[in-house]
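All heavy atoms count here, side chains included; hydrogens, waters and symmetry mates do not. Note that the coordinates shown come from a computational prediction; the quantities given were computed from them, not determined experimentally.
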Amino acid sequence: RYTEVDCDDYDECTIDDCSASTGCSHSTRNCNDNDECTDDNCSSVAGCINIPKACSDDDLCTEDLCSCHIGCYFPSIVCNDANKCTNDTCESDTGCVFTSIVCDDEDECTENKCDEKKGCYYDSVNCDDYDDCTDDKCDSE
């Protein structure tokens, strides 16, 4: 009569086996889940633990993304407020910045204006003094 040998080493990070010729063996468990977005670890009590990676480049001008095939990657974000009266830029520490543009054609005979959809435009200044005895005109010099 034979008694079975208990090869359990109570370590979830090993694979327990028994061979008639060599006895008990404890090979290391492979916890690699083939996902580049996880850190693969093993706990003697819990076994394989695949913890999601914190993909962050601390740059507010990029998206923090992860692909299971390539890992963390950081494509640039697009800062566009669809307003033609602003310059749209990005600062790594603050994110999108929308700075008002200056519409100035340096002509004193026009009024400098900006429309969100069209951008800068220049209306002629009305120089009419409503006196029929004067010649009304604008001289930009």
Side-chain angles (χ1 to χ4, degrees), residues 1-132 134-141:
R1 188 168 139 183
Y2 299 99
T3 305
E4 267 191 50
V5 175
D6 182 7
C7 290
D8 191 347
D9 63 357
Y10 303 101
D11 183 343
E12 293 299 317
C13 294
T14 62
I15 298 170
D16 305 323
D17 195 18
C18 187
S19 165
S21 59
T22 59
C24 290
S25 65
H26 310 284
S27 57
T28 302
R29 185 176 303 279
N30 179 0
C31 290
N32 185 353
D33 63 357
N34 294 314
D35 184 341
E36 293 297 322
C37 295
T38 61
D39 287 320
D40 306 322
N41 298 301
C42 193
S43 160
S44 294
V45 175
C48 290
I49 301 170
N50 307 103
I51 302 167
K53 285 184 181 176
C55 293
S56 177
D57 62 356
D58 295 321
D59 184 340
L60 294 177
C61 295
T62 63
E63 288 186 75
D64 300 329
L65 302 175
C66 196
S67 162
C68 62
H69 301 292
I70 62 172
C72 296
Y73 67 104
F74 311 99
S76 296
I77 64 169
V78 176
C79 293
N80 184 353
D81 63 357
N83 182 343
K84 293 198 181 219
C85 297
T86 61
N87 280 325
D88 304 339
T89 58
C90 196
E91 299 291 330
S92 294
D93 55 341
T94 59
C96 291
V97 178
F98 306 105
T99 308
S100 295
I101 63 171
V102 176
C103 294
D104 188 357
D105 64 357
E106 298 184 12
D107 183 345
E108 292 186 28
C109 293
T110 62
E111 221 179 303
N112 304 311
K113 295 182 179 180
C114 195
D115 178 88
E116 288 183 10
K117 302 287 183 227
K118 297 184 235 172
C120 293
Y121 68 98
Y122 311 96
D123 284 341
S124 295
V125 172
N126 181 359
C127 293
D128 190 351
D129 62 2
Y130 304 103
D131 182 344
D132 289 336
T134 61
D135 186 18
D136 303 323
K137 69 177 185 169
C138 185
D139 184 1
S140 57
E141 290 180 23

> Taking only residues two or more places apart in sequence, or in another chain, which ones meet D123 in a salt bridge (charged side-chain N to carboxylate O under 4.0 Å, His left out)?
Replying inline: K113
>> Testing D16, D11, D8 one by one against H26 for a side chain to side chain donor-acceptor pair (under 3.5 Å), which residue passes?
In response: D16
Rounded to the nearest 0.5 Å, how far apart are [atom1] of [X] and [atom2] of [Y]?
| X | Y | atom1 | atom2 | value |
| --- | --- | --- | --- | --- |
| K118 | K84 | NZ | NZ | 11.0 Å |
| D129 | D135 | CG | CG | 10.0 Å |
| D59 | C90 | CG | SG | 7.0 Å |
| E36 | C55 | CD | SG | 10.5 Å |

> Does the R29 side chain pair with the main chain of I15, one donor and one acceptor, at a distance under 3.5 Å?
Replying inline: no
>> Enumerate the side-chain hydrogen bond (donor to acceptor under 3.5 Å, both in side chains) contacts for residues 94-107, please, sequence neighbours excluded, ordered by first and then second residue.
In response: D104-N112, D105-T110
> Are we looking at SG atoms under 2.5 Å apart for C85 and C103?
Replying inline: no
> C42-C31 sulfur separation below 2.5 Å?
Replying inline: no
> So V5 and C24, side chain to side chain contact (heavy atoms under 4.5 Å, CB included) or not? Walk me through it.
Replying inline: CA-CA 8 Å; V5 175; C24 290; 3.8 Å; yes
>> Tell me if the CD atom of E116 is crowded by more than 12 foreign heavy atoms within 6.0 Å.
In response: no
> Taking everything shown except K53 itself, do over 12 heavy atoms lie less than 6.0 Å from its NZ?
Replying inline: yes
> What's the verdict on disulfide bond (SG atoms under 2.5 Å apart) for C37 and C66, showing C-alpha distance, side-chain angles and the deciding distance?
Replying inline: CA-CA 6 Å; C37 295; C66 196; 1.9 Å; yes
>> Within the 4.5 Å heavy-atom criterion, are I51 and N41 side-chain neighbours or not?
In response: yes
Quick one: side chains of residues 73-82, donor-acceptor pairs under 3.5 Å with protein atoms, not counting sequence neighbours, listed by atom name and distance.
| from | atom 1 | to | atom 2 | distance (Å) |
| --- | --- | --- | --- | --- |
| N80 | OD1 | A82 | N | 2.7 |
| D81 | OD1 | N83 | N | 3.0 |
| D81 | OD1 | T86 | OG1 | 3.0 |
| D81 | OD2 | T86 | OG1 | 3.0 |

>> Pairing donors with acceptors under 3.5 angstrom, does anything connect the side chains of N87 and T89?
In response: no
> What residues, two or more places apart in sequence or in another chain, satisfy side-chain hydrogen bond (donor to acceptor under 3.5 Å, both in side chains) together with D136?
Replying inline: T134
> What residues, two or more places apart in sequence or in another chain, satisfy side-chain hydrogen bond (donor to acceptor under 3.5 Å, both in side chains) together with D57?
Replying inline: T62
>> The test is side chain to side chain contact (heavy atoms under 4.5 Å, CB included); show your working for C114 and I101 and say whether it passes.
In response: CA-CA 9 Å; C114 195; I101 63 171; 4.3 Å; yes
>> If you apply the rule disulfide bond (SG atoms under 2.5 Å apart), what do you find for C127 with C138, and how did you get there?
In response: CA-CA 6 Å; C127 293; C138 185; 4.0 Å; no
>> Holding to side chain to side chain contact (heavy atoms under 4.5 Å, CB included), I want the full list of residues that pass it with N32, two or more places apart in sequence or in another chain.
In response: N30, N34, D40
